[in-house]
Protein chains: 2
Amino acid sequence: MAKRVSHKDSMCGVARPLDAIGDWWSLLIVRDAFDGSRRFGEFQRSLGLAKNILSARLRNLLAHGIMETVPAADGPYQEYVLTEKGRGLFPLLVALRQWGEDFFFAPDEAHVLLVDKKSGLPVRRLELRAQDGRVLGAEDTVVRLPPTLAGGEKRPKRATKC
Amino acid sequence: MAKRVSHKDSMCGVARPLDAIGDWWSLLIVRDAFDGSRRFGEFQRSLGLAKNILSARLRNLLAHGIMETVPAADGPYQEYVLTEKGRGLFPLLVALRQWGEDFFFAPDEAHVLLVDKKSGLPVRRLELRAQDGRVLGAEDTVVRLPPTLAGGEKRPKRATKC
DNA sequence: CGTCTTGGTTGCAACTTGAAACCACCGTGT
DNA sequence: ACACGGTGGTTTCAAGTTGCAACCAAGACG
């Protein structure tokens, strides 16, 4: 999965994460983990994927520090739990879910949605804001290097936006 | 890519989007489109992927209504532009980028970041809020069915969270 | 002792990926 | 008219990935 990248040091801020979770199953595993799954069998039943694939994906998530194993209380087993880094995926998962809700369901089609546990009301839409609070769209932003930029740095030969 | 799903009607709100953009390249193509790429050759040079793959991915994005083609002004060519649905991916891309910035770069490692065009300042962090404005974490939310829930609906045999 | 559950690994066929070659069409130069 | 380079692909084929199914092993259970 990671081997199409010859030089991961030059990967930009979008590509690097994709190297870690850029396949169908990994994100679903993480979502299940957020929903409380911890055991190999739980993930397998919930997602319905082959055991070897789950095994490989969990190994990959462990290797990327997105999940970690802790000994289970009820036997010689392990449980898989999200690390800090893994929990950091929560906004991404919400973004994915909201996009799905917007564009992948017929208006009359029933589907689950994300609600605030305390009030029981649906959550607000994610929105990107500037420091001063303005809501920003794609056209209001650019990617730029940070202010410090000495002259002696090696430039990439292919001029990518990375 | 889409054929591991035997019954896409039962796919939940996270899985459906993944069916459309759940591979390495598609999201990078969308990101490049946000950054202004429009032509086949632009995407190819910018991403450095094989032409057949780009061809397939663009076809897939077109089929999912994420991009559409418009005739180019400078010849018999086509340009690929994001649809409304495609532009809806902006928050997801931001979430991915912010996660990448947080966890995939050494603290001293220079990298581009997303800035507000108008002020030149970095954008704020995405945060999920409840209707009343409280910031919500993963543990403050659940997925639930909407209020209307008649009795006669067919239940899936495998009890997933979908 | 046998067998059930949990958590895997291994073998193998089918599918996908990707580098490179090929193709077609247009505009330009000569 | 005719070669030529740029653009936008498709085809070919080898190598890698996926996923079903079978197998394995260790502890719990009757």
Side-chain angles (χ1 to χ4, degrees), chain A residues 1-8 11 15 18-29 32-33 36-64 67-81 158-159, chain B residues 1-8 11 15 18-29 32-33 36-64 67-81 158-159:
Chain A
M1 175 206 319
K3 38 205 64 61
R4 35 198 139 172
V5 177
S6 50
H7 49 344
K8 83 180 299 176
M11 288 170 66
L18 284 175
D19 193 43
I21 49 147
D23 76 290
W24 220 81
W25 290 117
S26 297
L27 255 191
L28 289 176
I29 293 171
D32 265 29
S37 292
R38 306 166 64 90
R39 297 287 278 261
F40 188 95
E42 279 184 287
F43 291 114
Q44 210 230 321
R45 268 187 306 282
S46 162
L47 297 170
L49 81 177
K51 298 206 287 185
N52 54 347
I53 305 295
L54 176 57
S55 191
R57 291 296 172 275
L58 285 173
R59 250 197 311 273
N60 186 52
L61 291 170
L62 295 176
H64 277 95
M67 304 190 82
E68 62 190 348
T69 50
V70 299
D74 68 331
Y77 309 131
Q78 298 182 94
E79 303 197 327
Y80 296 87
V81 300
R158 285 196 302 110
Chain B
M1 175 207 319
K3 39 203 64 61
R4 37 198 136 170
V5 177
S6 49
H7 49 344
K8 83 180 301 176
M11 289 170 67
L18 284 174
D19 192 43
I21 48 146
D23 76 289
W24 219 82
W25 291 117
S26 298
L27 255 191
L28 289 177
I29 292 170
D32 264 30
S37 292
R38 306 166 64 90
R39 297 286 279 260
F40 187 96
E42 279 185 287
F43 291 114
Q44 209 229 319
R45 268 187 307 281
S46 162
L47 297 171
L49 82 175
K51 299 207 284 182
N52 52 349
I53 306 296
L54 176 55
S55 191
R57 290 297 173 275
L58 285 174
R59 247 195 315 271
N60 186 52
L61 291 170
L62 294 176
H64 277 95
M67 304 190 83
E68 63 190 346
T69 50
V70 299
D74 68 330
Y77 310 130
Q78 298 183 94
E79 302 197 328
Y80 297 86
V81 300
R158 285 196 302 111

Output the distance between atom CG (A:L47) and atom CG (A:D32), rounded to the nearest 0.5 Å.
-> 4.5 Å

Atom pair CG/CZ of A:L49 and A:R57 - distance to nearest 0.5 Å | 8.5 Å

Just the table, please: protein N/O against nucleotides 9-11 of chain C N/O, every pair under 3.5 Å.
from, atom 1, to, atom 2, distance (Å)
C:dT9, OP1, A:R59, NH1, 3.4
C:dT9, OP2, A:S55, OG, 2.4
C:dT9, OP2, A:R59, NH1, 3.3
C:dG11, O6, A:N52, ND2, 3.4

Contacts of type salt bridge (Lys or Arg N to Asp or Glu O under 4.0 Å), residue B:R39, not counting sequence neighbours |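 For B:R39, the residues satisfying salt bridge (Lys or Arg N to Asp or Glu O under 4.0 Å) (neighbours in sequence not counted) are B:D74, B:E79.
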
Residue whose nearest DNA chain D nucleotide is more 5′ - A:I53 or B:Y80 =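 On the 5' side of the pair lies B:Y80.
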
Contacts of A:Q78 meeting side chain to side chain contact (heavy atoms under 4.5 Å, CB included) (sequence neighbours excluded), chain-then-number -> A:T69, A:Y80

Partners meeting side chain to side chain contact (heavy atoms under 4.5 Å, CB included) with B:A50 (sequence neighbours left out) =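 Only B:N52, B:I53 meet the side chain to side chain contact (heavy atoms under 4.5 Å, CB included) criterion with B:A50.
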
Nucleotide [N], atom [atom2] - distance to [atom1] of [X] in whole Å:
X: A:Y77; N: C:dC4; atom1: OH; atom2: C1'; value: 10 Å
X: A:L54; N: C:dG7; atom1: CG; atom2: C1'; value: 10 Å
X: A:D23; N: C:dT16; atom1: CG; atom2: P; value: 16 Å
X: A:D74; N: C:dT6; atom1: CG; atom2: P; value: 9 Å
X: B:Q78; N: C:dC25; atom1: CD; atom2: C1'; value: 14 Å
X: A:R45; N: C:dG8; atom1: CZ; atom2: P; value: 13 Å
X: A:L49; N: C:dG7; atom1: CG; atom2: C1'; value: 13 Å
X: B:L58; N: D:dG8; atom1: CG; atom2: P; value: 11 Å

Base, sugar-phosphate, or nothing for B:F43, non-hydrogen atoms under 4.0 angstrom?
->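 Result for B:F43 = nothing.
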
Under 4.0 Å between any heavy atoms, over every strand shown, what does A:G41 touch: base, sugar-phosphate, or nothing? Just pick one.
->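 Sugar-phosphate only.
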
D:dT7 phosphate, OP1 or OP2, under 4.0 Å from B:R39 side-chain N/O = no

Within the pair B:W25 and C:dG18, is there a side-chain N or O less than 4.0 Å away from OP1 or OP2?
->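 Yes, because at least one side-chain N or O of B:W25 sits under 4.0 Å from OP1 or OP2 of C:dG18.
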
Close side-chain approach of B:P71 to B:Y77, heavy-atom, < 4.5 Å |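 With C-beta onward as the side chain, the pair stays apart.
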
Do the side chains of A:I21 and A:N60 get nearer than 4.5 Å, heavy atoms only?
->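 A:N60 vs A:I21: side chains apart.
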
